[in-house]
Amino acid sequence: MSRVREICQPELGWDNARWQAEEDAYNHLWQSSYSVPDAAGVPDWRNMLATARSEQVTLRAVKQEAAHTRLRWAGWLSAAALAGLAIFFWRAHRKNHEQL
């Protein structure tokens with residue numbers, strides 16, 4: 001910062017008080033916005049990761065159960081459709097024999 005001060009302070013026409021105020025404002029901005037945060041303020045990523053994985057496992061189980069339920073319903077509906085077709089063809093066959 002001292003090298004920057006040697007070059008910039010005369011060009012900008014700033015006195016020592018102005019330079020110090022600008023340097024302090026820059027350091028505050030850098031610390032608050034661009035530096036590595038204090039470790040105490042950073043959430044524990046391990047707990048967050050464990051929670052996310054647990055939620056994924058739960059969601060996967062819910063999706064699998066829903067898929068199994070859809071398959072069971074599809075099986076029942078297929079069986080019902082086949083039964084309906086069998087009855088339809090049986091009645092048609094019986095009707096044809098009655099007409100003979």
Side-chain angles (χ1 to χ4, degrees):
M1 202 60 158
S2 62
R3 180 70 179 129
V4 173
R5 183 177 186 167
E6 287 175 25
I7 297 168
C8 293
Q9 189 175 7
E11 292 293 324
L12 296 170
W14 290 351
D15 62 5
N16 290 337
R18 173 72 188 269
W19 179 265
Q20 192 59 51
E22 295 291 336
E23 185 177 342
D24 292 343
Y26 169 78
N27 285 330
H28 174 73
L29 175 66
W30 185 82
Q31 286 292 333
S32 64
S33 301
Y34 300 105
S35 66
V36 176
D38 182 26
V42 177
D44 184 8
W45 62 270
R46 290 173 190 92
N47 287 338
M48 294 169 66
L49 180 60
T51 300
R53 284 183 175 161
S54 175
E55 289 171 357
Q56 282 181 340
V57 168
T58 301
L59 182 59
R60 191 174 299 124
V62 167
K63 286 182 177 181
Q64 285 177 344
E65 180 57 33
H68 289 299
T69 299
R70 283 192 301 275
L71 287 173
R72 282 192 297 271
W73 274 103
W76 281 105
L77 291 174
S78 296
L82 286 174
L85 284 172
I87 291 170
F88 173 79
F89 284 114
W90 176 73
R91 284 184 177 169
H93 179 71
R94 200 172 97 199
K95 186 177 181 181
N96 283 341
H97 276 282
E98 287 176 357
Q99 288 177 355
L100 292 177

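Here the side chains of Thr69 and Arg72 are in contact, with some heavy-atom distance below 4.5 Å. The shortest distance between side-chain heavy atoms of Arg5 and Asn16 falls below 4.5 Å. When side chains are defined from C-beta on, Asn27 counts as touching Glu23, because their heavy atoms get closer than 4.5 Å.
Annotation: the span from Leu59 atom CG to Gln64 atom CD amounts to 10.0 Å, rounded to 0.5 Å. In this structure, CZ in Arg18 is found 8.0 Å from CG in Leu12, a value given to the nearest 0.5 Å. Atom NE2 of His93 and atom CZ of Phe88 lie 13.5 Å apart (nearest 0.5 Å). To the nearest 0.5 Å, atoms CZ (Arg70) and CD (Glu65) are separated by 10.5 Å. Distance check: Ser2 OG to Ile7 CD1 gives 10.0 Å after rounding to the nearest 0.5 Å.
At distances below 3.5 Å, not a single donor-acceptor pair connects side-chain atoms of Ser33 with backbone N or O atoms of Trp30. Side chain of Ser54 to backbone of Ala50: no donor-acceptor contact under 3.5 angstrom is found.
Looking at Glu6 and Arg3, a side-chain N of the basic residue comes within less than 4.0 Å of a carboxylate O on the acidic one, giving a salt bridge.
Grouping the Ile, Leu, Val, Met, Phe, Trp and Tyr side chains by contacts below 4.5 angstrom, directly or via other members, places Tyr26 apart from Val4.
When all heavy atoms of Met1 and Trp19 are compared, the closest pair comes out as O-CZ2, 4.3 Å.
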